[in-house]
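Quick notes on the structure that follows.
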Amino acid sequence: MKLSLLLNKINKNIFKMKKTTFSFLSLFLLVAGLSNLANAQARRSSFRVDAPAALQGYKITSEIDKTGASPWGAAIDSKWENVPVAYDQNNPNGCSPFAAGYFTGKFALIYRGTCEFGAKALAAQTAGATGVIIVNNLLGVAGMGAGANGASVTIPVVMVTTDDGNAMRTELLNNVPVSVSLTGWRYDSIANPIDIGMMNDGPMHPLGKAIPVDQLSTQGGNTDDSFRVYAGARFYNFSVVDFDTINLQGRLNYKPTFVGGSFAPLDSNFITYYFATPITTLDSLLFLKLDTINNTLAGFDMNDAATGTYEMENTLLTIPFTESGLAPLNNQWTYNYAVTDSIYSKCEYDFSKNMPVSNYYINVNPANTYKWGPVFYIRNGNFKALKAQAVIMRDVIEDSVFTGEEIYIVLHKWDDASGNGNGALDIAEVEEVADATYALTANDVVPIAGLPITLNFNNLLAPGSPILLEAGAKYWMTIELGGANRTFSTGVDYYADYTANIVGNNGQGNPLYDITNNAVYGGGFSNGGSPSLALIMSKDPEGLNDIAQLDGKATVYPNPVTDKVNVELTLNKLSGKVSYEIVDITGKSIAMVSKSNVKSDVFTYNTNKLSNGTYFVNIVTESGKTQVKFVVAK
């Protein structure tokens, strides 16, 4: 395996670099700002479990909406440090009054369900609570409406996942103290003395969390750095301390297995950035990417990488400050990605269950219809798109069925050059090349963890033919959501958030198309992560050896050719449709023509614009297919 070390342990050199800062508003627009549809709020806070040690760390949360039509509760514009948590097992849902003073000076742990969020929070506040932690009863977290009582709530309210809430409850029931901290960026005046950190939208990701090994191969002459993995992140300054120097580190580890096994170190990059203008508390959001040092390309070269699991560690440290206590917990963000034989996904892939990871869900406004999904870059072409995988979710507590509702997944080819060429997906630039559909039945029971579905792709351009992916092309794979006749949700990998990639111009994320309003949001859902979708490709490229025999004969002349090539086709029986596709040696499609009701035919193509080299014509009929080769020699 080739995994080159371009920079090793350069941590004493000081370099000047222009800082990149973002206001809250600009970030919100960049990532599409559909938090009201995604049932998640625009992120301004950080929630951490401080004790016990087994639970320490930063957790997935949503917070109450202070900007909508019915704002309620306290804005997280301050800090709550090391606050004890209490739980009333006799009133777990908080839908009855608590004993007077039960939560005095504490955060109340309350479960979702039975009554409105505002009613729960008000009951805890009346019992002296400093804040409220709502435990979700579904996957991930959700938005929280005020209800009839929310306007009277003046304390902070956050929601945590079922797993995190259950873990805190278990400790409390075993008489183990639990304490938490909550703060918004720029508001922590006792941050030891500094606190910077990453959240789920922070780290730079590879172009996929699962990437087919053949896309990394350089055997076809493709040696670009599209799949290079970089240290870097978008990070937050939670403190009120100015600083001008930061150390960014990246470490890459590897194991040859997908399930089990231990990681071994492969490579490391680190550098110290010096900002000519100090970072102040107004610079709440910053972005750094360790891509070049002294004009030398940095990062981790994935060309010809081996199959297996890779672990990427991103670490940020301020200099000369040393974060103390629990503040360093958010200075490092570690994620895994895999090099596979045939699976391509933006979300992480669970190889123990053979399905995309789903730890969250997106539920949209049913009045609108949407397409949402990842963009995949195909460096090496002629591989087949075989199947689509998705995870179907529900937004109610009970196991659910969605009888008759259609799962509709579409694979689009995106040609940015055919439109405005600005690198942003536009609907006029995409063409539907394949789809996969399935009507859910009464037997398709959706549990709380989601229902994985695997569907075969159908070729929309040449029905019955393989879907051959073109070299150098980008494909947008979407699942359709919403609409009057579709009530299920889609699974999401909350931690596969590509915001930093979009900021750092390192690939595309998961564009969202609002079909109803004809609007495209390049960043997808705000705080939405990546949908639990995976593209299953062939392990080998389509070639002469695996092309089925044609029921007839095809010849090409002249060969070599200078200006025009002719393909003569003679079939043993009439074919209602015949397609001719010219591809180059890498599998990139040059032209495609379809004809109807053919038994004998001559297809002629002008080769004046083709460079010298070898080309193929893929011929597909209703009763068979073949491939013929010709050489352009001018």
Side-chain angles (χ1 to χ4, degrees), residues 220-221 378 380-386 411-415 417-418 429-435 456-473 475 537-538 540-634:
I378 301 297
N380 296 316
N382 238 23
F383 289 85
K384 290 175 278 191
L386 299 177
L411 188 66
H412 312 72
K413 181 186 174 186
W414 174 26
D415 183 6
S418 69
E429 300 169 346
V430 300
E431 177 185 26
E432 295 184 357
V433 297
D435 68 3
N456 293 323
F457 270 123
N458 305 300
N459 193 325
L460 296 176
L461 301 181
S465 303
I467 303 111
L468 297 181
L469 302 173
E470 298 178 17
Y475 290 85
M537 298 168 55
S538 62
D540 298 298
E542 182 94 334
L544 286 171
N545 293 332
D546 54 16
I547 295 289
Q549 292 295 314
L550 180 74
D551 186 17
K553 181 180 180 182
T555 57
V556 59
Y557 64 91
N559 197 7
V561 58
T562 56
D563 56 352
K564 288 183 181 179
V565 63
N566 301 292
V567 180
E568 185 174 353
L569 179 65
T570 303
L571 302 176
N572 293 328
K573 61 181 180 180
L574 185 72
S575 178
K577 186 174 182 180
V578 171
S579 66
Y580 303 90
E581 182 187 25
I582 297 177
V583 299
D584 65 17
I585 198 168
T586 69
K588 181 179 180 181
S589 181
I590 306 298
M592 176 176 281
V593 174
S594 296
K595 296 185 178 183
S596 301
N597 300 322
V598 173
K599 187 173 182 182
S600 61
D601 183 52
V602 176
F603 166 61
T604 302
Y605 182 77
N606 192 321
T607 61
N608 285 335
K609 294 183 179 181
L610 298 183
S611 302
N612 288 346
T614 302
Y615 298 84
F616 299 90
V617 182
N618 293 325
I619 305 168
V620 179
T621 75
E622 292 179 334
S623 57
K625 51 190 176 180
T626 192
Q627 186 182 76
V628 292
K629 180 174 71 173
F630 67 93
V631 175
V632 174
K634 300 178 183 177

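Remember, predicted model here, so these are calculated numbers, not experimental data. Computed over heavy atoms, backbone and side chain alike; hydrogens, waters and symmetry mates excluded.
- In this structure, Ile378 CD1 and Tyr475 OH are separated by 7.0 Å, a value rounded to the nearest 0.5 Å.
- Residues passing the side-chain hydrogen bond (donor to acceptor under 3.5 Å, both in side chains) test with Asn456 are Lys387, sequence neighbours excluded.
- Remark: Asn612 engages no residue in a side-chain hydrogen bond (donor to acceptor under 3.5 Å, both in side chains) (not counting sequence neighbours).
- Distance NE2/His412 to CD/Glu431: 10.5 Å, rounded to 0.5 Å.
- In this structure a side-chain-to-backbone donor-acceptor pair under 3.5 Å is present from Lys634 to Asn608.
- Of the inter-residue distances, the one linking Leu461 atom CG with Ser589 atom OG reads 9.0 Å to the nearest 0.5 angstrom.
- Counting heavy atoms from C-beta outward, Val583 and Leu468 have side chains that stay 4.5 Å or more apart.
- Of the possible polar contacts, one joining the Glu622 side chain to the Gly576 backbone as a donor-acceptor pair under 3.5 Å is found.
- Here CG of Leu550 is found 11.5 Å from NZ of Lys625. Values are rounded to the nearest 0.5 Å.
- For the pair Asn459 (side chain) and Gly464 (backbone), a donor-acceptor distance under 3.5 Å is absent.
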May I have the list of side-chain donor-acceptor pairs in residues 592-600 shorter than 3.5 Å, sequence neighbours left out?
{"unit_1": "Lys595", "atom_1": "NZ", "unit_2": "Asp601", "atom_2": "OD1", "d": "3.2"}
{"unit_1": "Lys595", "atom_1": "NZ", "unit_2": "Asp601", "atom_2": "OD2", "d": "3.1"}

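- The salt bridge (Lys or Arg N to Asp or Glu O under 4.0 Å) test applied to Glu432 returns Lys371, not counting sequence neighbours.
- Residue Asn572 comes nearest to Gly552 through the heavy atom pair ND2-N, 3.8 Å, listed as atom of the first residue, atom of the second, then distance.
- A donor-acceptor contact shorter than 3.5 Å is absent between the side chain of Thr626 and the backbone of Ile619.
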Given side chain to side chain contact (heavy atoms under 4.5 Å, CB included), test Val433 with Leu460 step by step and report yes or no.
CA-CA 5 Å; Val433 297; Leu460 296 176; 5.9 Å; no
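- Ala434 pairs by the side chain to side chain contact (heavy atoms under 4.5 Å, CB included) definition with Leu411, Phe457, Ile467, not counting sequence neighbours.
- The line from CG of Leu610 to OH of Tyr615 is 4.5 Å long, rounded to the nearest 0.5 Å.
- With rounding to the nearest 0.5 Å, the separation of OG1 in Thr621 from CG in Asp551 is 7.0 Å.
- Contacts classified as side-chain hydrogen bond (donor to acceptor under 3.5 Å, both in side chains) and involving residues 557-568 (residues at least two apart or in different chains) are given here: Asn566-Thr604.
- With contacts defined as side-chain heavy-atom distances shorter than 4.5 Å, the pair Ile590/Tyr605 qualifies.
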